[in-house]
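Inspection log for the structure reproduced underneath, given as structure tokens.
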Amino acid sequence: MKDQIEAIQAEALARIEAATDTRSLEDARVAVLGKKGTLTEVSAGMRDVPKEEKAAVGALLNTARNAITAALEGKQQGLQDAADKKSLEGIDVTLPSRALHHGSLHPLTILRHQAISILRRMGFALAEGPEIEDEFHCFDALNTPADHPARNEKDTFYFDSGKLLRTHTSSVQVRTMESQVPPVRIIAPGSAYRRDEIDATHLSVFNQLEGLYVDKDVSLGDLKGTLEYFFQEMFGSETEVRFRPHFFPFTEPSFEIDVKLHVKGQDPRWIEVAGCGMVDPAVFEAINASRKNDGAYDPAKVTGFAFGMGLDRLAMIRWGIKDIRLLIENDARFLKQFA
Ligand code: DAH
């Protein structure tokens, strides 16, 4: 039996040495150490070895198994090293790597994130509403009568069903008040649509950010403080903000907000950036009716302010973008500048 073990060991070591890939190495392992392998089978013969020889034969078996296992591991490592070396052939690892091309956020996205983050710090929560609206939410509930120019077919995209692409995000004010009781403090960024002639400052789709705050005793002072703070956070603490009386059907009093724009080499000038005002009691009445007169928005008990700003306009001011069309053309040369 001793001779047999030695022969098996010698044969196994030779076969392992001759293996050229992991497959033939595995075959060699199975042939000697597998369930029916030669060494496994000869080990079964231990039973018949006379007592006084058992120790010596056992030791020999162990030596053989250890030698074979070590040879298998050594060969496996050798094959792996050779494979690694081969896969690196022809590759110069000392060459500098290729530049990574990072994408970047669209300027409108950057601006929207910033606007949201400023307003969230002041306690405004995000709200949303559909872009395909009905006339009630877009106009009627906002005290905008049927003969108001904004409702004109020439200015608004209507569907045959009578629905329309919302002309402003103010519709989200209505939807929010229908579904939540005061106090509400929400902002709603989103797209709005108008049949505008497209030029350097007009698109038929643009981006607004609506805000609404309704509670007991909300005052014009709250409105001014909130928006002044907002624009100073947005454009710098030195920014001058002006409230100019205006008219919107859904607020009374109403204002347009201008920000003083300073461009190098140009005289400073006021630029209109938003509309705002105190929520018109007629809007609360409409909400009240829509809420089956539950009184949650009783104009004798609550007041509120609202505002709507054009995000495209803010982006143009912020980065001195001269043509609004750049914001939708996806020209990488333009977009890369915001990386
Ligand atoms: N919806 C107005 C527009 O698109 C902007 C606006 C003005 C929104 C006054 C308001 C507001 O919430 O109070 O021109």
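The structure presented is a predicted model; accordingly, all values stated were derived computationally and were not measured. We count ligands from 1, going down the list as the structure has it; atoms in each ligand are counted the same way.
Using a 4.0 Å cut-off between charged side-chain N and carboxylate O, Glu256 and Arg242 make no salt bridge. In this structure, Lys301 does not pair ionically with Asp215, as no charged nitrogen and carboxylate oxygen lie closer than 4.0 Å. One finds a salt bridge joining Arg29 and Glu26 here, because a Lys/Arg side-chain nitrogen approaches an Asp/Glu carboxylate oxygen to under 4.0 Å.
Here Gln180 contributes atom CD and Arg291 contributes atom CZ; the two are 9.0 Å apart, rounded to the nearest 0.5 Å.
With sequence neighbours left out, the ring-ring contact (aromatic ring centres under 6.0 Å, His included) criterion links Phe255 to no other residue.
With contacts defined as side-chain heavy-atom distances shorter than 4.5 Å, the pair Leu61/Met46 qualifies.
Using a 4.0 Å heavy-atom criterion, the residues that approach ligand 1 are His168, Ser170, Gln173, Arg194, Gln208, Glu210, Phe248, Phe250, Thr251, Gly275, Cys276, Gly277, Ala306, Phe307, Gly308.
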